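Working notes, structure below.
Both counts, for ligands and for their atoms, begin at 1 and track the order of listing. On a predicted model such as this, the values are computed, not experimentally measured, just so you know. All residue numbers refer to positions in the sequence shown, counting from 1.
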Amino acid sequence: MGMTISRNRFPRGFIIRSITLVILLLVIFQSYLSYIQSQSSLRFWSSPATSNPNAKYLGTNNDELTLFPPTRDLERFCSSYPKRPTKKHHILISNKAKEDGPLKIFYWKQRALTQRVDWHKESETMCPIPMELQAFFDHYRKTKINDPSVFWKTGYAPCFFWKTWDNQMEDRPGSCTSREYGTLDYIFSTNYTDFVNADIILVGYVFTMDIDEAPYFDQMLLPPRLAHQSWALVFFDESIGFYPYVAMPAFLNQFDITIGSPPQLMDVPNPSYPITEKKALELANIEPTHPFDKTPEHYIAFMVSNCYARNDRMTLINKLVKTAGAHSYGECSHNKEMPEELKGRETGNWQYKKQKVLASYPFGLAAENSNCLGYITEKIYDVYAAGSIPIYMGAPDIADFVPEGSFIDARSFKNYDELIHYMKTVDREPFYRWKDIVKKDPTKFCKKCLYAGPTPWCSIMDNVHFV
Ligand SMILES: *[C@@H]1O[C@H](CO)[C@@H](O)[C@H](O)[C@H]1NC(C)=O
């Protein structure tokens, strides 16, 4: 029955005519495309619509960073950062500001992860903004919210912005010791009403600024630069691999001082994982957990949760799981549950659990999410803390930050089969010899150990110079 109906609905002639028409249209579209491409393939496919084909170019732009995003060859970008030309880094503040009382630090935080914000609700409580920030808030609304039904009256922005990520206002006084002036007082504020009178703008959250075209960060998401203000950047815990623009001179040169890591880029290095002599001694005193003369059933384990690394970490993880019997406790290539006694909340923090789990294996994978100079997190130190030998993937300069001969660099092998063969056959004892040296002299832990500095705001205050 159904067949008959449909045959009546669409007579054969109609179907044939439709197919012919579609084919004809496709052929015409195809020839149109090839015609345009033959005119100028470059112009059609890659030039911005605004470029004038008749324009004369008075000079050649050789700035590779202007023309190509650093992500085009991230590995290369991350293994030799562009140089920042300015050499003098301090914060010049007028003596007048000193007479006015504590220095005012405004925290330009920009709440990240705002996708889940109910902007209609937040737009019901508005706070006054200075005119200097009108352009910023207009731009923020257009690019980050992009909903015409969210409307803010000129001169106001949702009070939501006044708070930091944990929904708190941060308005607190403090004091720091400065080498030049002794005790210096400051007031730290997130209240935009205080913006214009602030002496120092501390730029913190840069995680929302990336864009696809040069200069690869959205300048309009930075505040306007007022003549009496100094700028400080604080950046650590995150990798240049995910925020490459932070390493670009076009970004860094805007700051009077930069604080954080990687140390290559920062005026005041502040490591993600600071080493202390006490810490070095602690790690040296941890005994190897797996006997050297016993063949382990499983050689290596790891616990990795970001499965979108910007290096070869996932390939290595999959290879280790598929061909080396590795145990993966984290989300990526997960194949092993935590032991019962470590599952509860009361058994310590995540890092402690990780160390406990890794301790059953002679090797532990310490793979960062990108291979960038100076990007060194807790990962490799956690493997030392477990008493295992790190198989490392990450910072090309890792050897400066850990004991000599204490780890295996996954990238020094022709392929991962060779790495796995090496792991299974190498004498493990020599990887622990550094411990005797460090026990005698903890300063021998690494060539360029990064020690913990003062808090970011005290690093700023320490570099203030009154003129
Ligand atoms: C911000 O500072 C102004 C002026 O000091 C004050 O009146 C206002 O209540 C503050 N805003 C918030 C949200 O605390």
Between the side chains of N371 and E75, does any donor sit under 3.5 Å from an acceptor?
yes
What is the nearest protein non-hydrogen atom to [atom], stated with its residue, atom name and distance?
| atom | answer |
| --- | --- |
| atom 14 (O) of ligand 1 | M169 CE, 3.5 Å |
| atom 5 (O) of ligand 1 | D194 OD1, 4.1 Å |
| atom 4 (C) of ligand 1 | T193 CG2, 4.0 Å |
| atom 13 (C) of ligand 1 | W162 CD1, 3.8 Å |

Protein heavy atom under 4.0 angstrom of atom 9 (O) of ligand 1, is there one?
no
Does R141 make a cation-pi contact with W119 (under 6.0 Å, within 45 degrees of the axis)?
no
Which word best sums up how the rings of H465 and Y181 line up, parallel for under 30°, tilted for 30 to 60°, or perpendicular for over 60°?
tilted
Any nitrogen or oxygen of N191 lying under 3.5 Å from a nitrogen or oxygen in ligand 1? Just yes or no.
yes
Tell me, with the steps shown, if E99 and K96 meet salt bridge (Lys or Arg N to Asp or Glu O under 4.0 Å).
CA-CA 5 Å; E99 286 155 25; K96 178 85 182 56; 5.1 Å; no
Pick one: which of Y107, Y156, Y140, F137 meets ring pair (Phe, Tyr, Trp, His ring centres under 6.0 Å) with Y192?
F137
